[in-house]
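Values reported hereafter were calculated over all heavy atoms of this structure, with side chains retained and with hydrogens, waters and symmetry mates removed. All chains are named by letter (A, B, ...) in the order of the sequence lines, taking the proteins before the strands, and each is independently numbered beginning at 1.
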Number of protein chains: 2
Amino acid sequence: MPYLDKTAPVPEPVDCRILTAALDLFVERGFHNVSIHDVQKEANVSIGSIYNHFGGKEGVAKALYYHLLNEFEEMVNAVIEEDLSNRERCNKLIYQLFEYTETRRNIISYMLHAKHREFLSDEPPICSSTPFTALRNIVRNGMKKGEIRAGDPWVLAASVFGGAIRMIHLRLDGVIQEPLTDHYDEVIECMWQGMNPVEAPAAQRKQAAGQQ
Amino acid sequence: MPYLDKTAPVPEPVDCRILTAALDLFVERGFHNVSIHDVQKEANVSIGSIYNHFGGKEGVAKALYYHLLNEFEEMVNAVIEEDLSNRERCNKLIYQLFEYTETRRNIISYMLHAKHREFLSDEPPICSSTPFTALRNIVRNGMKKGEIRAGDPWVLAASVFGGAIRMIHLRLDGVIQEPLTDHYDEVIECMWQGMNPVEAPAAQRKQAAGQQ
DNA sequence: TTGACAAGAATGAACATTCGTTCTACTTTT
DNA sequence: AAAAGTAGAACGAATGTTCATTCTTGTCAA
């Protein structure tokens, strides 16, 4: 009775179903606490399909990883293309990361919160991947142009993004209750202005804050 | 022939050997890539002993976790006891964390770099443990006394320690080559003074830096 | 339009292996 | 000789992977 079944929408392709299911499960329980059989059930595919498409459990994790790294790279590149100061670029990237943490929690969790080295063999640490290198380059360029204080690139990049990344971790761990975007302004202020009590005149503060 | 064997030193107790071996292996390969049999070989004990002392694999990981949390708590408390400003306390704790990262790498790695939730069931996130709460209290007290800028405690704590923790992660991942202690001054400067290019007169800068 | 057929994708029962745990025998200590 | 600690072979459950089979899709001749 084909007419009764017309509601059947375009079914998502098998490989997409596998990746989505795997992402959800990996984030929820951790790679090693998820079996191929779990993924198979969650994705409503057969085990054979998983092996056909990805070659195995690690293959799924790897495909997921590369896919998300690519998306992240595109996001970073899009911000780099924009006509902004490097400081504004940093701010905007932090804002977008905060936003994604709220709206696409699992993606951010898999990217920034998972220990890939424990299940992806021979994978270099994520911080030496292209998008993360691009982040550091933004900081470096900001230093060159005098927008950002000069110093060791690693230290500076860690100082710029460290607070934000820490906030993301805390949010993913469930210890911060409110959406991260609520804290954006304060995080940005702390990062540019430092943790000293504010005593400078308002005008100077505003000039230096570099709000987006 | 007891005289020939006199060199045999006081043998480390069995439970210590187990914990040390487990720490090394867990940090090197990750909890899930280490089997009880691996620990048994590395520690030169029998499987039975491991079960007698810790009740199983997770028991070993849990004992290790509590033990190290305790050590960390003592370290934090020792700094709190000292007659220092809250800002100096933050600085000193960061310095000690950097130092431990160099000298007791595995301890710091297991504490700050492992995803305990993936292998310790029903364990709350480490950032809600007593020593971490104590860290936030230092920041809170600093805010009350006007030593640290006012704001949301979570954001402020993340901003104070975020950069340092990020540096530790990068060092543990092997992407930072030099000892963290080499970067201490710069990290502290960035954190208190912010990432804006330095333009303030030297005197004011020094006053605000709060060097330890 | 129908049927035959080939190529590719999907299926899932079966398999081999690994790993956490148990249990009984043995040794040391008190 | 009782108690506590150690030893390690053996077990069963869980898991990653294989592969022979079935199903789907597209093509082409009748």
Quick one about [Y] and [X] (side-chain donor to acceptor, distance below 3.5 Å, no hydrogens or angles considered), yes or no?
X	Y	value
B:T130	B:T133	no
A:N196	B:R87	yes
B:E71	B:Y66	no

Rounded to whole angstrom units, what separation is found between the [atom1] atom of [X] and the [atom2] atom of [N]?
X	N	atom1	atom2	result
A:N52	D:dT17	CG	P	14 Å
B:H53	D:dA4	NE2	P	13 Å
B:Q40	D:dG8	CD	P	7 Å
B:I47	D:dA7	CD1	P	11 Å
B:I18	D:dG5	CD1	P	12 Å

Query raised in the report: NA contact type, A:G48, heavy-atom cut-off 4.0 Å: base, sugar-phosphate, or nothing?
Result: base
Close N/O contacts between protein and nucleotides 13-16 of chain D (under 3.5 Å):
unit_1: D:dG16; atom_1: OP1; unit_2: A:K57; atom_2: NZ; d: 2.8
unit_1: D:dG16; atom_1: OP2; unit_2: A:I36; atom_2: N; d: 2.8
unit_1: D:dG16; atom_1: N7; unit_2: A:H37; atom_2: NE2; d: 3.2

Query raised in the report: Which pair of non-hydrogen atoms, one from B:R149 and one from A:G194, has the smallest distance, and what is that distance?
Result: NH1-O, 2.9 Å
Query raised in the report: Roughly how far apart are B:Y100 OH and B:L112 CG, rounded to 0.5 Å?
Result: 12.5 Å
Requested in this report: For B:K92 and B:E82, run salt bridge (charged side-chain N to carboxylate O under 4.0 Å, His left out): C-alpha distance rounded to whole Å, both residues' side-chain angles, the deciding distance at 0.1 Å, then the answer.
Outcome: CA-CA 10 Å; B:K92 181 149 192 182; B:E82 283 186 66; 3.0 Å; yes
Query - Leading and trailing nucleotides of DNA chain C with any atom under 4.0 Å from heavy atoms of chain A - result: C:dA10 to C:dG12
Return a table of donor-acceptor pairs under 3.5 angstrom between the side chains of residues 22-34 of chain A and protein atoms on other chains or two or more places apart.
unit_1: A:D24; atom_1: OD1; unit_2: A:N106; atom_2: ND2; d: 2.8
unit_1: A:R29; atom_1: NH1; unit_2: A:D38; atom_2: OD2; d: 3.2
unit_1: A:H32; atom_1: NE2; unit_2: A:E118; atom_2: O; d: 3.1
unit_1: A:N33; atom_1: ND2; unit_2: A:R29; atom_2: O; d: 2.8
unit_1: A:N33; atom_1: ND2; unit_2: B:E118; atom_2: O; d: 2.9

Report task. Please say which of A:L180, A:I176, A:I94 ends up in a side-chain contact (heavy atoms from CB on, under 4.5 Å) with A:I168. Result -> A:L180
